[in-house]
Amino acid sequence: MSNIERTLSIIKPDAVERNLVEKIKNIFLKNNLSIKESKKIRINKDEASEFYKVHQSKPFYNELCSYLSSGPIVVMILEGENAVLANRKLMGSTNPKDADENTIRKLYGISIDKNSVHGSDSVENAKKEIDFFFKN
Ligand code: UDP
Ligand code: MG
């Protein structure tokens with residue numbers, strides 16, 4: 001049975017700054033995820049804090065929100081078979097040091113905080129995150 005899902009992907013400031021947007025998009029496209037929407041934006045710290053509020057109790061929350069609002073990001077809606085998990089597999093582990101070979105974070109991540117991409121972790125969160133950036 002086919003299971004087409006949508007998920008939210010963000011190319012974070014460290015990767016946009018290093019001109020990795022097309023390289024990362026090509027990884028999605030080569031792996032059967034289509035890019036339904038894409039926009040380059042900059043968000044402020046309040047918006048980043050809202051987006052990442054599930055992490056508000058974590059010690060890294062303040063730095064995480066400062067970081068996501070520190071420069072341009074590219075937000076995308078990816079669509080494809082099991083897109084939520086497929087994207088998470090292409091991203092690799094949160095810490096690039098632990099990520100599998102050929103994952104985006106292994107290839108391009110700098111550190112656990114500057115790890116180049118965000119991806120929704122469930123279908124439910126994907127819906128919320130897509131709404132956050134693309135509701136009009
Ligand atoms: N993060 C961090 N320090 C940590 C754990 C996470 O700076 O010890 C950042 C990192 O950028 C990560 C984001 O917080 O991508 C969200 O954390 P999560 O555990 O949800 O990881 P992800 O879902 O992005 O793999
Ligand atoms: Mg997460």
Side-chain angles (χ1 to χ4, degrees):
M1 267 280 285
S2 148
N3 179 45
I4 301 296
E5 295 173 351
R6 286 184 163 208
T7 191
L8 184 88
S9 170
I10 304 177
I11 302 178
K12 294 182 178 181
D14 67 272
V16 175
E17 188 178 85
R18 288 177 290 143
N19 295 314
L20 295 170
V21 172
E22 290 311 311
K23 286 195 170 106
I24 292 171
K25 284 185 171 180
N26 278 328
I27 291 175
F28 298 137
L29 298 175
K30 269 193 292 185
N31 287 278
N32 299 315
L33 290 174
S34 58
I35 300 169
K36 305 303 285 187
E37 301 280 351
S38 175
K39 60 184 180 186
K40 187 176 182 180
I41 58 173
R42 188 165 174 169
I43 59 173
N44 64 35
K45 192 169 176 186
D46 285 349
E47 292 165 327
S49 304
E50 176 66 20
F51 179 76
Y52 269 133
K53 71 179 177 210
V54 294
H55 293 303
Q56 61 193 342
S57 64
K58 310 272 174 67
F60 57 83
Y61 180 63
N62 185 49
E63 280 191 64
L64 174 61
C65 300
S66 296
Y67 172 60
L68 196 70
S69 56
S70 68
I73 59 175
V74 174
V75 293
M76 292 163 287
I77 300 175
L78 305 182
E79 186 180 272
E81 189 69 23
N82 301 313
V84 171
L85 188 60
N87 178 41
R88 294 291 308 194
K89 284 188 173 162
L90 292 174
M91 289 165 59
S93 298
T94 307
N95 190 339
K97 283 184 192 152
D98 302 330
D100 289 342
E101 292 303 319
N102 292 316
T103 59
I104 295 168
R105 285 168 165 171
K106 182 71 168 192
L107 290 169
Y108 304 126
I110 295 169
S111 57
I112 193 166
D113 47 326
K114 295 185 175 172
N115 59 7
S116 302
V117 280
H118 166 85
S120 310
D121 62 4
S122 66
V123 171
E124 190 190 346
N125 284 334
K127 290 199 174 91
K128 289 185 196 161
E129 293 180 0
I130 287 169
D131 271 1
F132 184 88
F133 285 109
F134 291 98
K135 207 167 187 170
N136 35 42

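Order of appearance sets the numbers: ligands from 1, and atoms from 1 within every ligand. Residue numbers run from 1 in the order of the sequence given.
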Do M76 and K39 have side chains that approach each other closer than 4.5 Å (heavy atoms only, starting at C-beta)? no

Just by distance, no angles: are the side chains of S34 and E79 close enough, under 3.5 Å, to form a donor-acceptor pair? no

So, S93 versus N95: side-chain donor-acceptor pair below 3.5 Å or not? no

What donor-acceptor contacts under 3.5 angstrom involve side-chain atoms of residues 64-74, with partners at least two apart or in another chain?
| residue | atom | partner | partner atom | Å |
| --- | --- | --- | --- | --- |
| S66 | OG | K45 | NZ | 3.1 |
| S66 | OG | N62 | O | 3.1 |
| Y67 | OH | D14 | N | 2.8 |
| Y67 | OH | D14 | OD1 | 2.4 |
| S69 | OG | C65 | O | 2.8 |
| S69 | OG | S66 | O | 3.1 |
| S70 | OG | Y67 | O | 2.6 |

Once you measure the plane-to-plane angle for F51 and F133, does it fall in the parallel (<30°), tilted (30-60°) or perpendicular (>60°) bin? tilted

Please report the shortest heavy-atom distance between T103 and K89, naming the atom on each side. CG2-O, 3.6 Å

Given a heavy-atom cut-off of 4.0 Å, could you list the residues near ligand 1 in chain and number order? K12, H55, F60, L64, R88, T94, R105, I112, D113, N115

